[in-house]
There are 2 protein chains.
Amino acid sequence: MKRAEGRSTCPTNFTVETFGDSWSLLIMRDLLTLGKHTFGEFLRSEERIGPSVLADRLARLERSGIIVRTPSETDARKVTYSATERGIAAIPLLYEAARWGMGGVPIEQDDPWEAVMAMDRHDVLDAWQQAVREGGSLLGGAESAFARLSARVRAVV
Amino acid sequence: MKRAEGRSTCPTNFTVETFGDSWSLLIMRDLLTLGKHTFGEFLRSEERIGPSVLADRLARLERSGIIVRTPSETDARKVTYSATERGIAAIPLLYEAARWGMGGVPIEQDDPWEAVMAMDRHDVLDAWQQAVREGGSLLGGAESAFARLSARVRAVV
DNA sequence: GGCATTGACTTTGATCATCAAAGTGACTTA
DNA sequence: TAAGTCACTTTGATGATCAAAGTCAATGCC
């Protein structure tokens, strides 16, 4: 992305300047949806991001106040990344990106996104944001927002 | 954007492959929010897009089934572009992009986005989609979705 | 303690997209 | 007919991205 920044004060343009490249939104996906937190985890993205672009984008997201990096207490080589409140505020954007994208990819058996989109949007976003604040994510791990929402549905039936 | 396409079947990735560049979402903004329809109108974007990138992106969006181009009946030079249903389905994404972006730009006096975001999200999206189907947009012109919603609010008070 | 592995990057060089500016050909208007 | 307008296309410089290799520090195992 070669475009000069600050080309306008339009909010949409600001979002495009932050996420309008090939990789930043995918990194946010891996962080907020799958619960990835380390450089190595992000590197193992489905789309095969390279180390130089990953390092660049993480630095940019950090500079923009969207993520923070914390050295690991148990391993001096490791850094963990997590979302700020500003990063968490991008969850509805991620939700809509996934929703729109579902119209363009083959629906796979047991696709979690399908189940997520069948739930109440407001409930999903609330549970997602809460899970992220507690160190979780939408889909990653047993304590995911999705697992909690599904358990809730099961408890009602 | 140099990334190979089809790097994964993830819906988010699909959306990124469609809109994850510096310009495509801004073109959608101009079409759906401001009601721009011609090459020349898009060229006069606030961000000063150039003719070669504009032509390339319009062709891409058309190829993806998001917009259609129609030769003008009154002027053989003119082409008008409008959104397909697939394009209209990106309205919630545009809404969330604007909403997130508002957290990063100075709030200006009489900013229409502020008024829009103060309205019920569901009402906004419905009115916006309907306006676009009828040839209108969110903010452009007297028959905009925003004007209609504002008149509704005024009628209630 | 030495060695192999791992973690987070950085470097390298080829490739490609983007940028700004100028140009093109067809159409419209005065 | 000449000038202006429309939707592009072309040109050449620049910078970002890509894939692969490398670097340095930390960890774990023998």
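Below, chains carry the letters A, B, ... as their sequence lines are ordered, and counting in each starts from 1. Atom set for the values below is all heavy atoms of this structure, side chains included, hydrogens, waters and symmetry mates excluded. As the structure is a computational prediction, the values presented were derived from the model and not from experiment.
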One thing to verify: whether [Y] and [X] come together as a salt bridge, which I'm taking to mean a side-chain N less than 4.0 angstrom from a carboxylate O.
X	Y	value
B/Glu134	B/Arg148	yes
A/Glu85	A/Arg133	yes
B/Arg99	B/Glu114	no
A/Glu17	A/Arg60	no
A/Glu62	A/Arg86	no
A/Glu5	A/Arg63	no

A/Phe146-A/Trp128 aromatic ring centre distance below 6.0 Å = no
Using atom [atom1] of [X] as one end and atom [atom2] of [N] as the other, report the distance to the nearest whole Å.
X	N	atom1	atom2	result
A/Ile27	D/dT17	CD1	C1'	14 Å
A/Tyr81	C/dC9	OH	C1'	8 Å
B/Lys78	C/dT29	NZ	P	10 Å
A/Arg69	C/dG7	CZ	C1'	12 Å
B/Leu26	C/dC19	CG	P	11 Å
B/Leu61	D/dC8	CG	P	13 Å

task = Compare all side-chain heavy atoms of A/Thr70 with those of A/Val79 and state whether any distance is below 4.5 angstrom.
result = no
key: Partner residues of B/Asp126 under the salt bridge (charged side-chain N to carboxylate O under 4.0 Å, His left out) criterion, sequence neighbours left out   =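 B/Asp126 satisfies salt bridge (charged side-chain N to carboxylate O under 4.0 Å, His left out) with no other residue.
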ask   = Which ones in residues 32-40 of chain B lie close to DNA chain D, meaning a heavy atom under 4.0 Å from one of its atoms?
value = B/Thr38, B/Phe39, B/Gly40
message = Quick check on contacts: within residues 41-57 of chain B, what sits under 4.0 Å from DNA chain D by heavy-atom distance?
response = B/Pro51, B/Ser52, B/Ala55
query = Which residues satisfy the side chain to side chain contact (heavy atoms under 4.5 Å, CB included) test with B/Asp120, sequence neighbours excluded?
reply =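 Testing B/Asp120 for side chain to side chain contact (heavy atoms under 4.5 Å, CB included), a comparison that skips the adjacent residues, returns B/His122, B/Asp123.
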Set out, line by line, the N/O atom pairs under 3.5 Å between protein and nucleotides 23-30 of chain D.
| unit_1 | atom_1 | unit_2 | atom_2 | d |
| --- | --- | --- | --- | --- |
| D/dA26 | N3 | A/Arg77 | NH1 | 3.2 |
| D/dT27 | OP1 | A/Ala76 | N | 2.9 |

message = It should be established whether A/Trp23 places a side-chain nitrogen or oxygen under 4.0 Å from OP1 or OP2 of nucleotide D/dC18.
response =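 A/Trp23 to D/dC18 OP1/OP2: side-chain N or O found under 4.0 Å.
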ask   = So which one's nearest nucleotide on DNA chain C is more toward 5', A/Leu58 or A/Arg3?
value =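 It is A/Leu58, whose closest nucleotide lies nearer the 5' terminus.
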Sequence neighbours left out, cut at 3.5 Å: what donor-acceptor pairs do the side chains of residues 31-41 of chain A make with other protein atoms?
| unit_1 | atom_1 | unit_2 | atom_2 | d |
| --- | --- | --- | --- | --- |
| A/Thr33 | OG1 | A/Arg29 | O | 3.3 |
| A/Lys36 | NZ | A/Glu41 | O | 3.2 |
| A/Lys36 | NZ | A/Arg44 | O | 3.1 |
| A/His37 | ND1 | A/Tyr81 | O | 2.7 |
| A/Thr38 | OG1 | A/Glu41 | N | 3.2 |
| A/Thr38 | OG1 | A/Glu41 | OE1 | 3.4 |
| A/Glu41 | OE1 | A/His37 | N | 2.6 |
| A/Glu41 | OE1 | A/Thr38 | N | 3.0 |

